[in-house]
Asks: 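Dropping a structure here in structure tokens format, bear with me for questions.
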Amino acid sequence: MASGCRLLPLAVTLLGFLNSSVTTLMPRVSFSMGSPGRRLTRFSSADVGNTTTLLLSEDCDTLYVGGRDAVLALDVSLEGGIVLRNKLDWRPSEKDLEQCSMKGKKMADCPNFIRVLLFLNATHIYACGTFAFSPRCVYINSDTFTVSLKPDEGRGRCPYDPYQRNTAIIVDGELYTGTVADYRGNWPLISRHLSEGSRVDLKLDDTLGWLEDPTFISSTFVPDEGKIYFFFSEVGREYDFVDKFVVSRVSQVCTSDVGGQRTLQRRWTTFAKAQLLCQADGELPYNVLQDIDSLPPAADTPADDTLFYGIFTSQWSVNLGLSAVCSFRLADIKSAFSGGYKVLNRDTLQWSTRVQERVANPGECGLHNASDNALRFVKENFLADDSVRPAGGRPTLVSAEHRYSHLTVQRVRAANGVDYVVLFLLTESGYLHKAVLLPTGAHVVEEVQVFVTPQPVKSLKLSIPKGLIYVGTSEGVLRLPTANCSFYWTCAQCVLARDPFCGWDAARRVCTGLSAPDLGQDVEGGNVEKACDSVTSVHRARFGPNNLPAGEPLPVSLHEVVRLPCPAASRLSRQWWERPNSRLSPELFLHLDDGSLSFVATPATLGHYLCLSAENGFRQTVAVYHVKQKSAPPPGPPGPDAAPGPNFTLWMVKAAPKEAAFRDGDPLLAAQTPSYFKELVAVSVLLVLCLSALLAVLLYAVKQRWRSRTVPQRADVHGRNSAEHDALRSGPEESKRNGHVRGALDAASNGHLPNTPI
Ligand SMILES: *[C@@H]1O[C@H](CO)[C@@H](O)[C@H](O)[C@H]1NC(C)=O
Ligand SMILES: *[C@@H]1O[C@H](CO)[C@@H](O)[C@H](O)[C@H]1NC(C)=O
Ligand SMILES: *[C@@H]1O[C@H](CO)[C@@H](O)[C@H](O)[C@H]1NC(C)=O
Ligand SMILES: *[C@@H]1O[C@H](CO)[C@@H](O)[C@H](O)[C@H]1NC(C)=O
Ligand SMILES: *[C@@H]1O[C@H](CO)[C@@H](O)[C@H](O)[C@H]1NC(C)=O
């Protein structure tokens, strides 16, 4: 193994051997809903809801969607939008609904919620729905989109209750499911259906302890092993000292299983389960599995390197993070199943480590015609002694801020030939995070808002060949590309993003996808100097110490309040202001919370201002302003209601729109959609300012009176300063009116930032 590793090519995947880090997984860039930088394509229809079961055709051009009372075929091959191609109505009759509500169920839960939607063979789709708490399954012809046979009974294939989670997978025309198989939800089952000929349908034996109140999450087929793996969480009875301790599990069955001949007839002979442990040494485990996705091994690596990435949350609130991601190697799962097994004492219902002689290997395929003795042994020994520990011995990432619910994973080959694992993680609050796993920890490239109100059921589907992600929610289906490289408009931004999907094409001067050769990219280091040679020299030439940039000219009148905005380049950058050959004394300059600089124009404050930003060791000039006195008579306020008088004209200077788009809350969007948040803030700020001004005036009056009694009047330096400060403070008061002021200045500006390569 060790020597084999040495022979592996450069494109060795980082097999998840990553440092766990309870870091602030701060997304570098945030796109709110509808932001032009990350456009979403949406499909929703008034008569179709709860569109949460997604199935993508092999050519990735059709997305089949299971919704409420309907199965849809959506044409997703067009870039412009998602088009409904076919719709199959499949709803319970009035009588069914009546019976459902007579049984005491809420009418809203009685429709047919589609919970299984899988390809059966080349011509048919198999679908199951809750059907008014009386589950059913049908065969759908995928061309004509008609139901071709009379419905199957859905018991054991689909839950009765639409809020219960289930999992299903079809291999060679047989359906393997994990679901509760009764109306009350007390009988959990892992079973096989649609078997034909000498093969028989199989299920778990009815004896105790196979499954303990499980929540099924996912299932996957590993062809090399001939096994189906089920992932779920359940009550961990082996930890009988903790009440209702939840554990996460992987379980397995062999597809070759046909049950025993006398013992375990029509029952699994190959079922085994093991604990999945998402835990760092000395810390409490993240014990509740939320979602899991598999990452096939890289080309030329053995199937044992298959990884399973799971989201876990904790049963206890004392954990440091809200959720964690752990990855598990197939090799580790296999070795847990081939080790020792615990044995259940059926009288005391206690688990113990086995002491009797081992007469069979539980979990081994091909036990169907083993002796009764061996099968009895298998029946008693199905819980592996060893837990499966995460790859690298600890969680891949732990988030203190976000509760993740769903994930999907892909491997991306970067410009330098190294493979990186990229996770797409859906937060409960409706953001999709894109995280690239680096040797130093996870880096969250971006977050995109995909829904606003919390969704009870969600699903994610990744289309790797097309570079698209689908999100299914109760409200509809959304599509977004895995990356939008053209959003980064300079080499520095492109490299700092550290997005393995994007690199800088120096010839065409664009940030682009990885199809082009020789791209500037540094996923691990984000080193701009290294990856963007040419741009940096341009940058230096233009902004060397003796080479003052022209800057955005800004004519002002004396004594007027000037406000220079400086939009943040990213959430990971640090911004500050500089004046050549001068310092920004705190008495004259006000640093506002949004990063802008405010001051009163006096002969001393005219001149150049540079807003600088540093990220990942790279410094860049974000904006340069040249504040100078107006030569012509003042042209008057830019608009009739823009300012109370020329002394209080507020100047808003335009920043290039793309820069602005980086800001939290996305002003581009805010400008288009009505939002009263700004007004609210402005009014609140105004109120606070009024109150503090009143207080200041009172204090000042008291002080003056006191002073006039004790000392002779001082020179008015102090007075002027405080007047200036008052004038400064009146700045934000005006900002709520500046909508059209900004617009006017937009038109006047050349639209280029000083550091934008032209
Ligand atoms: C990518 O970003 C650019 C620049 O913000 C924007 O114009 C374009 O619409 C975006 N494309 C998508 C698909 O989001
Ligand atoms: C697919 O399965 C359906 C239902 O069992 C059957 O009618 C159909 O003939 C099968 N098609 C193929 C190509 O096997
Ligand atoms: C085991 O079963 C297979 C068929 O499933 C049969 O061909 C074989 O003879 C059996 N082996 C024994 C030892 O009974
Ligand atoms: C279906 O969607 C609605 C919102 O559109 C939601 O309130 C309801 O809980 C969903 N039902 C299920 C079973 O997910
Ligand atoms: C500014 O206000 C002062 C008095 O408050 C006034 O004397 C002066 O003319 C004003 N300046 C301009 C440019 O209007």
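Note that ligands are numbered from 1 as they come in the structure, with each ligand's atoms numbered from 1 the same way. Keep in mind it's a predicted model, so treat the numbers as computed, not measured.
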Asks: Would you kindly specify which portion of R38 sits under 4.0 Å from ligand 1, judged on non-hydrogen atoms: side chain, backbone, both or neither?
Replies: backbone
Asks: Any atoms of ligand 2 less than 4.0 Å from a non-hydrogen atom of Y139? List them with their elements.
Replies: 4 (C), 5 (O)
Asks: Taking NZ, NE, NH1 and NH2 as the nitrogens, is one of them in D89 or R91 under 4.0 Å from a carboxylate oxygen of the other?
Replies: yes
Asks: Please check whether N121 reaches ligand 2 - meaning an N/O of the residue sits under 3.5 Å from an N/O of the ligand, judged on distance alone.
Replies: yes
Asks: Show me the short polar-atom pairs for ligand 4: any N or O of it lying under 3.5 Å from a protein N or O, with distances only.
Replies:
{"from": "ligand 4", "atom 1": "2 (O)", "to": "N50", "atom 2": "OD1", "distance (Å)": "3.1"}
{"from": "ligand 4", "atom 1": "2 (O)", "to": "N50", "atom 2": "ND2", "distance (Å)": "2.5"}
{"from": "ligand 4", "atom 1": "2 (O)", "to": "S474", "atom 2": "OG", "distance (Å)": "3.3"}
{"from": "ligand 4", "atom 1": "9 (O)", "to": "Y163", "atom 2": "OH", "distance (Å)": "3.2"}
{"from": "ligand 4", "atom 1": "11 (N)", "to": "N50", "atom 2": "ND2", "distance (Å)": "2.7"}
{"from": "ligand 4", "atom 1": "14 (O)", "to": "N50", "atom 2": "ND2", "distance (Å)": "3.3"}

Asks: Got a sec, which residues hit side-chain hydrogen bond (donor to acceptor under 3.5 Å, both in side chains) with Y404, two or more places apart in sequence or on another chain?
Replies: H433
Asks: Only heavy atoms of P36, strictly under 4.0 Å: list the atoms of ligand 1 that pass.
Replies: 6 (C), 8 (C), 9 (O), 10 (C)
Asks: State whether K434 and D499 are salt-bridged, where the test is any N-O pair (Lys NZ or Arg NE/NH1/NH2 against Asp/Glu carboxylate O) under 4.0 Å.
Replies: yes
Asks: State plainly whether the residues D47 and K87 are in salt-bridge range, i.e. N to O under 4.0 Å.
Replies: yes
Asks: Which residues pass the ring-ring contact (aromatic ring centres under 6.0 Å, His included) test with Y431, not counting sequence neighbours?
Replies: none
Asks: Counting from 1, what ligand 1 atoms have a heavy atom of N484 closer than 4.0 Å?
Replies: 1 (C), 2 (O), 3 (C), 8 (C), 10 (C), 11 (N), 12 (C), 14 (O)
Asks: Which atoms of ligand 1 have any heavy atom of G37 under 4.0 Å away?
Replies: 1 (C), 2 (O), 5 (O), 10 (C), 14 (O)
Asks: With a sphere of 6.0 Å drawn around CG of N141, does it hold more than 12 non-hydrogen atoms of other residues, nucleotides or ligands?
Replies: yes
Asks: Who are the side-chain hydrogen bond (donor to acceptor under 3.5 Å, both in side chains) partners of T255, not counting sequence neighbours?
Replies: none
Asks: Centre-to-centre under 6.0 Å for Y176 and F230, is that the case here?
Replies: no
Asks: Find out whether the Lys NZ or Arg CZ of K105 is both under 6.0 angstrom from the six-membered ring centre of Y183 and within 45° of the ring's axis.
Replies: yes
